[in-house]
Every structure is written in structure tokens, then in C-alpha cells.
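What you see is a predicted model; the values in this text were computed from it and never measured. The analysis underlying the following values was restricted to heavy atoms, covering all of them including side chains, and did not include hydrogens, waters or symmetry mates.
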Amino acid sequence: MVTWPGTPFLKSSKKHQASTTRMDINSQQSLLQRTVFFPSGDKYTGEWLDNKKHGRGTQVWNKSGAVYSGEWKHGRPDGHGTYSVLLQEAKVYAKKYCGEWKNGRKHGYGTNVYGNSALYEGVWSEDQRAGWGKMNYENGDVYEGEWMKDKHHGHGIIRYANGNWYEGGWREGKKHGKGKVYYPDKGQLYEGLWVDGDAKCGTFCDFGREKAATPTKYPIPQLQLLDAQSVLQEASSAMRVGTGQEEQQQHVSPPHV
């Protein structure tokens, strides 16, 4: 969250006045397209209403060199706007967030850049990723799906930089519930149940083996159980997902993805 401090000073064009004049904070006057300087050296240029930033305007923070340009409401970013930071060495501005705001926080649809290359595009709620969104991580992994309180939560797909991917349930940033892990290089598929990030039970089968780059030497034998699904359902029920009373037994676990 960005803070919006300071008591503003209104720039004056009259020679006999000082270069800045303290604004009457009790005034109800509406100002349009005025440039105001703050004691900290910050500067705002844009629209005003009742001595508050309101409408469209641009705020520059003197100490950090950060800039917000967009819509304001009652003194805070609200609506669509872009927040950028100054790269000191290159002396150029880099966009950090572009999208919707509400009461000074990221809220609605927007794109945020983390570090050098990580990027999130999707829905926000009070500065946190929430709803549907896509995250490109610096290590090459890509997650697309549901979020809650800045973590994977709900249904989503994560594609790993090595080519494998997981599709299924998530809870508080961990794999949770039913899911599938695809290993395209081996031509295999693991399908099973996860609890708080750990695979508890599931089955392996060949999947796209004929197109795999490095398939295993031998195909996976066909499952001989009369009703494999009922066995898996029984094992899943024994885990009691979400109750905190999961059994510790583990049947078939997938290799590291």
C-alpha cells in the first residue's frame, strides 16, 4: 500500500508572493489542474475537489522518485492508474503496477511486476492477489488459476520450467484435493489426491508415450483391479481431506515435478 502524506503548498505565479503559499485546508474550494508542492518535496499536478486530489492527476514522490498517474478520489488513488518507480542507475521509470485501484490499494484487474521479470496479471483485492490470475515466476514457472489472500487457492494449473505441469486443487498455496501431474518428456501421467502439498494416493499411467522425448524403457503395466476407481475413492475418503485427521499411509507418490 502506498501512503499519501504531507500538507500541500500551492504554487503561486505572483512575483510579490513567496514561491509557495500554504493552502487553507479548511477551504471548500475546488481546484482544477493545479500543481501543488509538499514540505517533503513531493509534487502533485492534477485535479482537486475540496482541497483533496480528486479526478485525474500525477503524484511524484521526491525521496523515492516513484510516480503515480491516474484517477483519484478523496485524496487517494481510486479508479485506473499506473504506479512507476525510478531506476536510479538508468534514470528511467519502470512500471510496477498498472490497473484498478480502490482507496489507495490495488483492487480490481491489474498487472504487477516483481523484481526483474516476475509478473502477475489478474484480479486484486485490497493489495492482494484474489480471484483469477496468471503469475509468471522468475524461475520460468507459470501458474494460472484461482487466488485468495495472495496464494494459490481453488483450481489452477502450474506449468514448470522443466515442461511438467500440475492441474488440480490448491489450498493456501499448496496442492490440495484432486489433481494430475503430467510428465510429457516421459509420456506419463499421475492422478491422485494431495493434502497440504503432499501426494497421498494415486495412480500412474502412460500418457502420450508415443510422442515423449525420453520415454521409459518399458510401458507401465495395465492395472488389474476390477474396480480401480472404487479403490481410489475409498483411499481418498480415508484421508478425510480438510479435517486435519488424514492417515499417514501413502500409496503411489509422483516423483518431484
Side-chain angles (χ1 to χ4, degrees), residues 1-15 17-23 25 30-49 51-131 133-144 147 150-151 161:
M1 178 178 177
V2 181
T3 55
W4 323 103
T7 301
F9 284 79
L10 177 64
K11 186 176 181 180
S12 173
S13 60
K14 296 183 179 180
K15 296 182 180 180
Q17 293 181 340
S19 60
T20 58
T21 303
R22 187 178 183 85
M23 292 182 66
I25 62 174
S30 297
L31 304 176
L32 297 178
Q33 293 299 323
R34 291 294 184 94
T35 297
V36 173
F37 293 87
F38 296 81
S40 61
D42 299 345
K43 182 178 73 172
Y44 172 82
T45 301
E47 298 175 312
W48 293 79
L49 178 65
N51 279 339
K52 291 183 179 180
K53 304 160 194 170
H54 193 93
R56 294 198 61 84
T58 299
Q59 169 90 26
V60 180
W61 285 270
N62 178 55
K63 186 175 181 180
S64 65
V67 174
Y68 170 81
S69 182
E71 296 176 289
W72 298 75
K73 186 176 180 180
H74 305 310
R76 292 180 178 273
D78 199 296
H80 190 275
T82 300
Y83 179 77
S84 304
V85 296
L86 179 63
L87 302 179
Q88 295 291 344
E89 293 183 0
K91 299 300 180 183
V92 296
Y93 283 95
K95 290 183 181 179
K96 297 297 290 184
Y97 176 78
C98 181
E100 299 299 317
W101 299 74
K102 184 177 180 180
N103 197 29
R105 297 185 177 188
K106 305 179 190 77
H107 194 89
Y109 194 87
T111 301
N112 195 86
V113 179
Y114 302 84
N116 296 323
S117 60
L119 182 144
Y120 171 80
E121 181 177 2
V123 182
W124 296 79
S125 178
E126 296 185 346
D127 268 349
Q128 294 184 323
R129 292 164 288 187
K134 181 178 181 180
M135 181 74 195
N136 292 271
Y137 294 94
E138 290 192 5
N139 65 358
D141 296 346
V142 179
Y143 171 83
E144 185 171 5
W147 297 74
D150 244 8
K151 295 181 179 180

Discussion item. Restricting to side-chain hydrogen bond (donor to acceptor under 3.5 Å, both in side chains), what partner residues turn up for Ser117, sequence neighbours left out?
Written reply: none

Worksheet item: Asp78 side chain to Asn103 main-chain N or O, any donor-acceptor pair under 3.5 Å?
Response: yes

Worksheet item: Of all residues at least two apart in sequence or in a different chain, which pass the side-chain hydrogen bond (donor to acceptor under 3.5 Å, both in side chains) check with Asp150?
Response: Arg129

Worksheet item: After noting the C-alpha distance and the side-chain angles of Asn62 and Lys43, does the key distance pass the side chain to side chain contact (heavy atoms under 4.5 Å, CB included) rule?
Response: CA-CA 8 Å; Asn62 178 55; Lys43 182 178 73 172; over 6 Å; no

Worksheet item: If you take all heavy atoms of Asn116 and Glu138, which pair is closest and at what distance?
Response: N-OE2, 3.2 Å

Discussion item. So which atom in Thr45 and which in Thr35 form the shortest heavy-atom distance, rounded to 0.1 Å?
Written reply: OG1-OG1, 3.0 Å

Worksheet item: Who passes side-chain hydrogen bond (donor to acceptor under 3.5 Å, both in side chains) against Tyr109, sequence neighbours left out?
Response: Glu121

Discussion item. Nearest 0.5 angstrom please: Asn112 CG to Met135 CE, how far?
Written reply: 8.0 Å

Worksheet item: Can you name the side-chain hydrogen bond (donor to acceptor under 3.5 Å, both in side chains) partners of Ser84, sequence neighbours left out?
Response: none

Worksheet item: Is the CG atom of Asn139 crowded by more than 12 outside heavy atoms at less than 6.0 Å?
Response: yes

Practice prompt. For side chain to side chain contact (heavy atoms under 4.5 Å, CB included), just list the numbers for Glu89 and Leu87, CA-CA rounded to whole Å, side-chain angles, deciding distance to a tenth of an Å, and then say yes or no.
Written response: CA-CA 6 Å; Glu89 293 183 0; Leu87 302 179; over 6 Å; no

Practice prompt. Check for a donor-acceptor pair, side chain of Lys96 on one end and backbone N or O of Val113 on the other, with a separation under 3.5 Å.
Written response: yes

Worksheet entry | Non-hydrogen side-chain atoms of His80 and Glu71 separated by less than 4.5 Å | yes

Discussion item. Between Glu47 and Arg56, is the side chain to side chain contact (heavy atoms under 4.5 Å, CB included) condition met? List the steps.
Written reply: CA-CA 6 Å; Glu47 298 175 312; Arg56 294 198 61 84; 3.9 Å; yes

Discussion item. Quick check on Lys73: does its NZ atom have over 12 non-hydrogen neighbours (other residues, nucleotides or ligands) under 6.0 Å away?
Written reply: no

Fill in: Partners meeting ring pair (Phe, Tyr, Trp, His ring centres under 6.0 Å) with His74 (sequence neighbours left out)
His54

Fill in: Residue pair Tyr93 / Gly65: nearest heavy atoms and the distance that separates them
CE2-O, 2.9 Å

Practice prompt. Any chance you could lay out the salt bridge (charged side-chain N to carboxylate O under 4.0 Å, His left out) test for Lys106 and Asp127, step after step, and finish with the verdict?
Written response: CA-CA 5 Å; Lys106 305 179 190 77; Asp127 268 349; 3.7 Å; yes

Worksheet item: Is any side-chain heavy atom of Tyr137 less than 4.5 Å from a side-chain heavy atom of Tyr143?
Response: yes

Worksheet item: By ring pair (Phe, Tyr, Trp, His ring centres under 6.0 Å), which residues pair with Tyr44, not counting sequence neighbours?
Response: Trp48, Trp72

Worksheet item: Please walk me through it: do Phe38 and Gln59 pass side chain to side chain contact (heavy atoms under 4.5 Å, CB included)?
Response: CA-CA 11 Å; Phe38 296 81; Gln59 169 90 26; 4.2 Å; yes

Response to the item:
Here the gap from Leu119 atom CG to Tyr114 atom OH, rounded to the nearest 0.5 Å, amounts to 8.5 Å

